[in-house]
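Starting from 1, each residue takes its place in the sequence as its number. This structure is a prediction, so every number in the text was calculated from the model and none was measured. Just follow the structure's listing: the first ligand is 1, and inside any ligand the first atom is 1.
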Amino acid sequence: MFAVTEQKPVVYYNYVGGEWTESSSKERLESYNPATGELVGCAQNSTVADVEQAIDAVYQAFQHSDWGCNPKRRYEALLGLAHKIEENLERLAVLLTCEQGKTIRESRLELAGCVDTLKYFAGAARAVFGRSIQLEPGNFGVIAKEPIGVVGIISPWNWPALLMIRELAPALAAGNAVLVKPASLTPAISVEIVKLIDEIPQFAKGIVSMVTGPGRSIGAAMGGSRKIDMISFTGDTSTGKTIMELATSNIKKLALELGGKSPNVVFEDARLDKAIPLIGRSIFISAGQICMAGSRLLVHEAVKDEVVSRLQDYAERLRVGNGLHESTDMGPVISQTQLDLIAEYCEIGRREGRIITGGYRLEGGDYDKGYFFAPTIIDDLPPSCRVVREEIFGPVLAVQTFSSEEEALALANDTDFGLSAGVWTSDVNRALRMSKGIKAGTVWINTYNKNFPEAEFGGYKQSGLGRTRGIDGLMEYCETKHIHFEIE
Ligand code: NAD
């Protein structure tokens, strides 16, 4: 029995210039519940013409409102949105679970993250400081921080609410106008949040617009538009590379939050009682569909057997099912395509390594209605194996063994990605050496998946460009201007 009720499908419109509009295509983009196959919502299947119209509306709002020079208004608007999400949290959490598949507990966590992020950047809107500097006698400069202008935000489906808000909040706090394109698989939750924006009078009309539709056409049109001053993209590394090429049209500013293949490095002196559940959670949360998933386990040979056996036990105890059940630990993956991809990687793992647990689609009963995959651990993989090197975006943990700190560090850095890492040890000096040596934007010591709006997040190497969250995350959305004064 469900603890919460399913949703009725709803038609969602684009939000352009403060009005709800239909796409000129008159076509719909349907999103389905990945646990049950039921229709959740129908959004607009927008065209390039719709996008161009929306960009113009956002530009007009930026030009003709006081948004860019009224920090207090921005503070009130962002705080207002935080409160609206808080008031609607349970309703939105149910929709998020129905559309994306994650567990209801994960959905609540994601929406609470939205609230926290909005509150932080509401305050930050009133603290966009520049500085002044004496340059020579009679000459001083004011180094001012200004909004960039029109920002396009392109978001992924895996944490669709938080990853949209994570960029929307600082972009708006800095005084920009924003056009959002959510992922095609999760338009409903994104439009529901924009509906709350529509209820808040402090948002200047048109300062936030949203169009839904396919990335390859309308996302690409945003990437290539000369009227958009900056693109903030969160998604796959290969799509990020395409966006970089498109951005050359007008040398757009770019913020890219891309893929990962993050290691958990477990030394022989790690406190395993704490480490095991957090390492398990790091790979199986959101069925592994999370950029910072701890998808590689690097473990010292002295504790290897114990760690793997305890993680196997953790994986086999997870209750996989419809995320609406309060007791479910892991929901389905997002789509048939994703399910097939994960199964393909497991086949490679079976050939080149040894499956410890899982490695198959879950079948029978309610499992047949959705895209459920067993939590999977694969051992004895060579470092060249694709399961070790590529982002799978599914509940698959690749295990590698080391015998020295040098080897652990080399394995941790033997990747094209550099998003995050976990280090598990009781030796503080070793923890410091590893945290300095690992080339990743976040290194957690004796913990994992700890994120805060005030702490920067982002990637080294092919995991991205720039930083999100924190003061650096706010500054990504600012231009810097030197205004020079000569005193006569
Ligand atoms: P994706 O790249 O397929 O899609 C992301 C967004 O880009 C979607 O809105 C999509 O419609 C759009 N898009 C697709 N093709 C496009 C194109 N040619 N031009 C412009 N836009 C286009 O990614 P996804 O499958 O939605 O998300 C999963 C990926 O996102 C994983 O690689 C994951 O690691 C990454 N991710 C990174 C972070 C981070 O913070 N670093 C967070 C979450 C997800």
Side-chain angles (χ1 to χ4, degrees), residues 29 31 34 43 45-46 48 51 99-100 102 110 113 117 152-167 179-187 189-190 210-225 228 231-247 249 252 254-262 283 285-295 333-335 337-338 341-342 390-394 415-420 440-442 449 451 453 455-470 473 476:
L29 186 77
S31 67
N45 192 4
S46 305
V48 171
V51 171
E99 188 175 47
Q100 202 280 338
K102 66 182 58 184
E110 177 169 348
T117 301
I153 295 178
I154 303 178
S155 351
W157 48 261
N158 64 322
W159 280 59
L162 182 57
L163 298 180
M164 174 177 78
I165 293 291
R166 189 181 73 177
E167 307 308 327
L179 173 62
V180 185
K181 192 210 89 65
S184 311
L185 292 168
T186 49
I189 183 67
S190 317
M210 175 175 279
V211 285
T212 54
R216 276 177 201 284
S217 54
I218 67 163
M222 286 170 70
S225 168
I228 290 187
I231 289 282
S232 168
F233 170 80
T234 306
D236 192 73
T237 295
S238 63
T239 320
K241 289 179 183 176
T242 305
I243 302 260
M244 278 185 105
E245 284 168 19
L246 291 167
S249 63
K252 272 183 197 62
L254 282 180
L256 302 176
E257 294 293 333
L258 309 176
K261 192 74 186 178
S262 301
I283 179 63
I285 185 173
S286 286
Q289 302 165 116
I290 180 165
C291 56
M292 67 193 108
S295 51
V333 299
I334 189 79
S335 63
T337 311
Q338 198 67 18
L341 197 69
I342 296 165
E390 297 175 12
E391 184 183 47
I392 298 175
F393 229 52
T415 169
D416 290 337
F417 298 104
L419 196 56
S420 55
T442 300
N449 274 355
N451 294 293
E456 278 72 3
F457 182 84
Y460 279 46
K461 302 194 262 182
Q462 295 193 31
S463 285
L465 204 60
R467 287 295 176 270
T468 184
R469 300 196 172 114
E476 290 284 336

- Message: Between Lys102 (side chain only) and Ile285 (backbone N and O only), is there a donor and an acceptor less than 3.5 Å apart?
- Response: no

- Task: Could you tell me whether Leu258 and ligand 1 have an N or O pair separated by under 3.5 Å?
- Result: yes

- Query: Under a heavy-atom criterion of less than 4.0 Å, does Arg166 contact ligand 1?
  - Reply: yes

- Message: Once rounded to the nearest 0.5 Å, what's the spacing between atom CD of Gln289 and atom CD1 of Ile392?
- Response: 12.0 Å

- Message: I'd like to know if the side chain of Glu476 and the backbone of Gly466 have a donor-acceptor N/O pair within less than 3.5 Å.
- Response: no

- State if Pro182 counts as touching ligand 1 under the rule of any non-hydrogen atom under 4.0 Å. yes

- Quick one: which of Gly215, Gly219, Ser335, Ser155 has a heavy atom closest to atom 8 (C) of ligand 1? Ser155

- Item | atom 28 (C) of ligand 1: the protein heavy-atom neighbour that sits closest, reported with distance to 0.1 Å | Phe393 CE2, 3.4 Å

- Within the structure, does Glu391 bring an N/O atom to less than 3.5 angstrom of an N/O atom in ligand 1? yes

- Item | Those atoms of ligand 1 less than 4.0 Å from some heavy atom in Phe457 | 40 (O)

- Message: Which of the numbered atoms in ligand 1 are under 4.0 angstrom from any heavy atom belonging to Leu419?
- Response: 41 (N)

- Message: Looking at ligand 1, is there an atom of it that comes within less than 4.0 Å of some heavy atom belonging to Trp157?
- Response: yes

- Part of Thr239 with heavy atoms under 4.0 Å of ligand 1, whether side chain, backbone, both or neither: side chain

- Message: Heavy-atom pairs closer than 4.0 Å: do any link ligand 1 to the side chain of Leu185, the backbone, both, or neither?
- Response: neither

- Taking atom OG of Ser46 and atom CG of Leu29, what is their separation to the nearest 0.5 Å? 8.0 Å

- Message: Checking the side chain of Arg166 only, and the main-chain atoms of Ala161 only, is there a donor and an acceptor separated by less than 3.5 Å?
- Response: no

- Report yes or no: does a heavy atom of Gly464 sit under 4.0 Å from some atom of ligand 1? no

- Item | Flag side-chain contact, heavy atom, 4.5 Å: Ile189 against Met164 | no

- Before signing off on this row, confirm whether Thr234 and ligand 1 have an N or O atom pair separated by under 3.5 Å. no

- Message: For the backbone of Gly224 and the side chain of Ser249, can you confirm whether one donor and one acceptor N or O come within less than 3.5 Å of each other?
- Response: yes

- Message: If the test is side-chain contact (heavy atoms from CB on, under 4.5 Å), which one of Ile165, Leu185, Thr186 qualifies with Pro160?
- Response: Thr186

- For ligand 1, which atoms have a heavy atom of Leu163 less than 4.0 angstrom away? 42 (C), 43 (C)

- Query: Hey, looking at atom 39 (C) of ligand 1, which of Ser463, Cys291, Gly459 has the closest heavy atom?
  - Reply: Cys291

- Message: Between Ser335 (side chain only) and Gln338 (backbone N and O only), is there a donor and an acceptor less than 3.5 Å apart?
- Response: yes

- Per-atom contacts of ligand 1 with Asn158, taking only distances under 4.0 Å to non-hydrogen atoms: 43 (C), 44 (C)

- Query: Of the protein's non-hydrogen atoms, which lies at the shortest distance from atom 12 (C) of ligand 1, and what is that distance?
  - Reply: Ile154 CG2, 3.7 Å

- Message: Is the contact between Trp159 and ligand 1 made by the side chain, the backbone, both, or neither, using heavy atoms and a 4.0 Å cut-off?
- Response: neither

- ligand 1 versus Ile290, non-hydrogen atoms closer than 4.0 Å: side chain, backbone, both, neither? neither

- Atom indices of ligand 1 within 4.0 angstrom of Ala220 heavy atoms, with elements: 19 (N), 20 (C)

- Message: Residue-level breakdown please: for Met164 versus ligand 1, do any non-hydrogen atoms fall below 4.0 Å on the side chain, on the backbone, on both, or on neither?
- Response: neither

- Message: Has Lys181 got a side-chain atom pairing as donor or acceptor with Gly213's backbone, closer than 3.5 angstrom?
- Response: yes

- Item | Protein non-hydrogen atom found under 4.0 Å from atom 36 (N) of ligand 1 | yes

